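No hydrogens, no waters, no symmetry mates; every other heavy atom, side chains included, goes into these values. Order of the sequence lines sets the chain letters (A, B, ...), proteins ahead of strands, with each chain counted from 1. Because the structure is predicted, anything quoted here is derived from the model rather than measured.
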Amino acid sequence: MHPNSLARPSSLQEAAALQRALAQAVVLAGNPCGARYIGALDASHPTRFSKVKGPSVAVAVLWDRQAGGVLEVAAAQMDEAELFPYIPGYLSFREAPLYLAALARLSRPPEVLLVDGQGIAHPRRLGIAAHLGVYLDLPAVGVAKTLLFGRPEGALPLQAGSAVRLMDGEAQMGWLFRSRSGVRPLVVSPGHQVGMEESLALVRSLMGKTRLPEPLRWAHIHAGLQRRQANVR
DNA sequence: GCGACAG
DNA sequence: ATCTTGTCGC
């Protein structure tokens, strides 16, 4: 689990083996709730139905929790040909290279990362937030819009703010979190250097008036805008 | 074999 | 992931 754990894998078997190895390095403790500079990562891809063809774009938003707003937006782009295909369970090999390029363009490194995808709530315990966290040695939390892996422990109440544990047998993988009433739940899971409870506390502390936590909401908005607008230098 | 399947 | 305005409900 060293240098290029993000190099394009030559097979899914190789990728899975790497995921299992890196998962051993994940640290499931730490409290990033006091962090001021929060990084949020999201990507936008064209499809054969997209009006705008061209490269995929990833955005890194630097969020200032002191000021409660976006400090910086950095972007990076790559053509489909250089990207690993999207295969459920292997998202990090596709999107993490884009995220690294975007992060490198921020004027300062975030203290904690919020990533659009799973943390450890993953078949091999290494979703994209965990992979990036271990690779960068940075605290990270995964916030996914749909479930990939794990079984919710009971029904999730309809009330905004409620959460139920996401389990794999006896082990907790994360949370199903009702961020607002009347919306589909988010899947929150620790990525690296963050405790189970703390991962949920962090996301709760960053909620605004919509389904997604504010930093990720802005990352999502800007990723779409940047991709449609054209070249990201 | 069948179903499930982050973005 | 993408397309797409107004509109219905918590």
Engineer: Stem finding on DNA chain B, please: runs of three or more consecutive Watson-Crick or G-U wobble pairs, both distances under 3.5 Å, sorted by first number.
Structural biologist: none
Engineer: Check every strand shown and say whether A:Ser56 touches a base, only sugar-phosphate, or nothing at a heavy-atom separation below 4.0 Å.
Structural biologist: nothing
Engineer: Mind checking whether A:Val183 and A:Lys145 have side chains closer than 4.5 Å, heavy atoms only?
Structural biologist: no
Engineer: Quick one: ring pair (Phe, Tyr, Trp, His ring centres under 6.0 Å) partners of A:His131, sequence neighbours excluded?
Structural biologist: A:Phe93
Engineer: Any luck finding a side-chain donor-acceptor pair between A:Asn31 and A:Glu197 under 3.5 Å?
Structural biologist: no
Engineer: Give me the distances for all protein-to-nucleotides 5-7 of chain B N/O pairs that come in under 3.5 Å?
Structural biologist:
residue : atom : partner  : partner atom : Å
B:dA6   : OP2  : A:Tyr86  : OH           : 2.6
B:dA6   : O4'  : A:Gln118 : NE2          : 3.4
B:dA6   : N7   : A:Gly89  : N            : 2.9
B:dA6   : N6   : A:Gly89  : O            : 3.2
B:dA6   : N6   : A:Tyr90  : N            : 3.3
B:dA6   : N6   : A:Leu91  : N            : 3.1
B:dA6   : N6   : A:His122 : NE2          : 3.4
B:dA6   : N1   : A:Ile128 : N            : 3.1
B:dA6   : N3   : A:Gln118 : N            : 3.1
B:dG7   : OP1  : A:Lys145 : N            : 2.8
B:dG7   : OP1  : A:Lys145 : NZ           : 3.4
B:dG7   : OP2  : A:Thr146 : OG1          : 3.1
B:dG7   : N7   : A:Tyr86  : OH           : 3.4

Engineer: Between A:Asp64 and A:Arg36, does at least one N-O distance fall below 4.0 Å, as a salt bridge requires?
Structural biologist: yes
Engineer: Report yes if some heavy atom in the side chain of A:Arg124 is under 4.5 Å from a heavy atom in the side chain of A:Tyr90; otherwise report no.
Structural biologist: yes
Engineer: Remember a base hit wins even if backbone is also touched, and classify A:His220 as base, sugar-phosphate or nothing at under 4.0 Å, heavy atoms.
Structural biologist: sugar-phosphate
Engineer: Compare all side-chain heavy atoms of A:Leu136 with those of A:Leu103 and state whether any distance is below 4.5 angstrom.
Structural biologist: yes
Engineer: Against the six-membered ring of A:Tyr37, is A:Arg65 placed for a cation-pi contact (under 6.0 Å from the centre, within 45° of the normal)?
Structural biologist: no
Engineer: Considering non-hydrogen atoms only, spot the tightest contact between A:Leu156 and A:Leu176 and give its length.
Structural biologist: CD1-O, 3.6 Å
Engineer: Can you give the donor-acceptor pairs under 3.5 Å from side chains of residues 78-85 of chain A to other protein atoms, not counting sequence neighbours?
Structural biologist:
residue : atom : partner : partner atom : Å
A:Glu80 : OE1  : A:Arg94 : NH2          : 3.1
A:Glu80 : OE2  : A:Arg94 : NH1          : 3.1
A:Glu82 : OE2  : A:Asp79 : N            : 2.9

Engineer: In the 5'-to-3' direction, what one-character label does each nucleotide of nucleotides 3-10 of chain C receive under the scheme B = base within less than 4.0 Å of a protein heavy atom, S = sugar-phosphate only, - = no such atom?
Structural biologist: SS------
Engineer: Using a 4.5 Å cut-off between side-chain heavy atoms of Ile, Leu, Val, Met, Phe, Trp and Tyr, which other residues end up in the same hydrophobic cluster as A:Leu158?
Structural biologist: none
